[in-house]
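Input: a single structure, listed below in structure tokens.
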Amino acid sequence: MRGLFSKGLLLLIVLACTGSVLQAQPTHRLVIHADQGRVQISRHIYGHFIEHLGYGIYGGFWQRDAQGRWHLRQDIVDALRRIRIPNLRWPGGCFADLYHWKDGIGPQEQRRPILNAFWGQVVEDNSFGTHEFMALVEALGAEPYIAGNVGSGTPREMAEWVEYLTAEDGPMARLRKQNGREQPWRVPFWGVGNESWGCGGNMDPEYYADLYRRFATYLFNYGGNRLYKIAAGPADADTTWTSVLMRDVFRRNPGLMQGISVHYYTWISKTGRWNDKEPATGFDEWGWFKGLQKALFLDEVLRRHEAVMDRYDPEKRVGLIVDEWGMWHAPEPGSNPAFLVQQNTLRDALVAAVSLNIFNHHAERVRMANLAQTINVLQALILTREGEETIVLTPTYHVFDLYKEHQDATLLPVELEAGEYRYGDEAIPALNASASRNAEGAVHLTIANLDPHQERVVQARLEGIQPARVEGRVLTAEAMDAHNTFEAPDRVRPVAFTAYRAVGDGVYELRLPARSVVALTFYPR
Ligand code: AHR
């Protein structure tokens, strides 16, 4: 009896020391149907957004040289080209409904300044205007997405902007040529207002739908340019707005509206108040869990809008355009609160990873998405600092790098036993994944482990492909709020992922570190 007891005790001590009782790595099954798939993931899902707000444009993209002249920062352009930025939305946001485009053309020193009433009431000198934006998107190799002014503008003003940009001839084309641009530009994406239920005019959906039809009627296709016209849509899960637009615009005049936008921000607050948001860094596990839980709710938001759209448009002619999304934290201490400056941690990276996987799964209806707001504002990809010659790439930037292979690839069905990550008496799926196949037959898997404590082991089976070779990268860090700074720019960056092994024909065991994003490419024979 004594011997048995001491053997049992010994066993318990050994198990406790190795952690195998409490810490056994959960195992998950994943099947990727690599020979299926019928929906293309539009590259425009990987789009971005800049607004005249804080240091996004001035002090971000647009920098003064030694002579005080503005110019584009080439290092930023190069960094965004590396992740294949497909489009850029401009000039807002709320600013779009305050912006009068004619203030921003012609010689820069003669441009009329305005007050940027939404964002800190700073003087906007209009030195960054239409020509500068179009030069930026050309440098990026991206497509422009312009948001026109409905709130304080007129149908004529918006119609003339389209004419100025895209017509070969006529009064607006002549004005453009006087300003140094002979050839019309190609402008595929056009937004008719922004958040018209709020900063874009505080309208009711019925009133906006009437205005939409009126404005959109005068947005002509000149020459070979074809406008994809996007209505200002709801925030979050407000399906009433979507349903009124589908009924009063799409059902009446189907050709007038190609997309409806929706905005979804991930913000967390202990009091539930908008002005009491939690900080970007220094959060505890509650902040990690809540951030990811809220990000996952995006799936439900999209489902609800899609259900409404499907009722009117089962053929899915109208796209759902998530033209503002991302984490919105409390402003950085010491910064101008109207400039929306925030750090960007491993949590932001996981939120981006989950959101992009969700967009991929909804690619049949979601045709574009734009993270807010590229440089120095909200969930930025890149940080700059005055007088600093280098830039900081945030963890979110690295997620876009890991995910770029999904652009224009075919979405593949996946079955995932995601398991649970529990916090207190709540739980969310521990894993989140999506997969696609490119034109060469390579399969790209992106998978996030949301559990901040435990490695998760995945048995991944690829059906319909015999991979010849696998390559992977992983993004993780020691702390949930690890982030990059000018002093330590590479604290969070992807490294080669080697924690996988083949365990059968087309079957792999993947060991996903706690709080990580992994991207794997399986190359066909
Ligand atoms: O991205 C910041 C602001 O958030 C935008 O200007 C507005 O559209 C939204 O409310």
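One-based numbering, in listed order, for ligands and for the atoms of each. All figures in this text were calculated on a predicted structure; none of them were measured in a lab.
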For this session: Would you please say whether a donor-acceptor pair under 3.5 Å links the side chains of Thr396 and Asn344?
Result: yes
Exercise. Touching ligand 1 at all, Phe118? Heavy atoms, strictly under 4.0 Å?
Worked result: no
Exercise. Charged N to carboxylate O under 4.0 angstrom, Asp401 versus Lys404?
Worked result: yes
Exercise. What atoms of ligand 1 come within less than 4.0 Å of a heavy atom belonging to Gly93?
Worked result: 5 (C), 6 (O), 8 (O)
For this session: Measure the distance from atom 2 (C) of ligand 1 to every protein heavy atom, then report the residue, atom name and distance (to 0.1 Å) of the closest one.
Result: Gln373 NE2, 3.5 Å
Exercise. Heavy atom under 4.0 Å from ligand 1: found in Asn194's side chain, backbone, both, or neither?
Worked result: side chain
For this session: Mind checking whether Trp325 contacts ligand 1 via backbone (N, CA, C, O), side chain (CB onward), both or neither, at a 4.0 Å heavy-atom cut-off?
Result: neither
For this session: With heavy atoms of Leu378 as the reference, note each atom of ligand 1 found under 4.0 Å away.
Result: 1 (O), 2 (C)
For this session: Give a yes or no on whether the ring-centroid distance for Tyr99 and Trp90 is below 6.0 angstrom.
Result: yes
Exercise. Just which atoms of ligand 1 are under 4.0 Å from any heavy atom in Glu195?
Worked result: 7 (C), 8 (O), 9 (C), 10 (O)
Exercise. Are Lys270 and Trp286 in a cation-pi setup, meaning NZ or CZ lies under 6.0 angstrom from the ring centre and within 45 degrees of the ring axis?
Worked result: yes
Exercise. Within 45 degrees of the axis of the six-membered ring of Phe49 and under 6.0 Å from its centre: does Arg89 put its NZ or CZ there?
Worked result: yes
Exercise. Which ligand 1 atoms does Cys94 reach within 4.0 Å, using its non-hydrogen atoms?
Worked result: 5 (C), 6 (O), 7 (C), 8 (O)
For this session: Assess the pair Tyr312 and Phe250: is the distance between their ring centroids shorter than 6.0 Å?
Result: no
Exercise. Has Tyr265 got any heavy atom lying under 4.0 angstrom from an atom of ligand 1?
Worked result: yes
Exercise. Honestly, is Lys290 close enough over Trp288, meaning NZ or CZ under 6.0 Å from the six-membered ring centre and within 45° of the axis?
Worked result: no
For this session: Give the residue, atom name and distance (to 0.1 Å) of the protein heavy atom nearest atom 7 (C) of ligand 1.
Result: Glu324 OE1, 3.3 Å
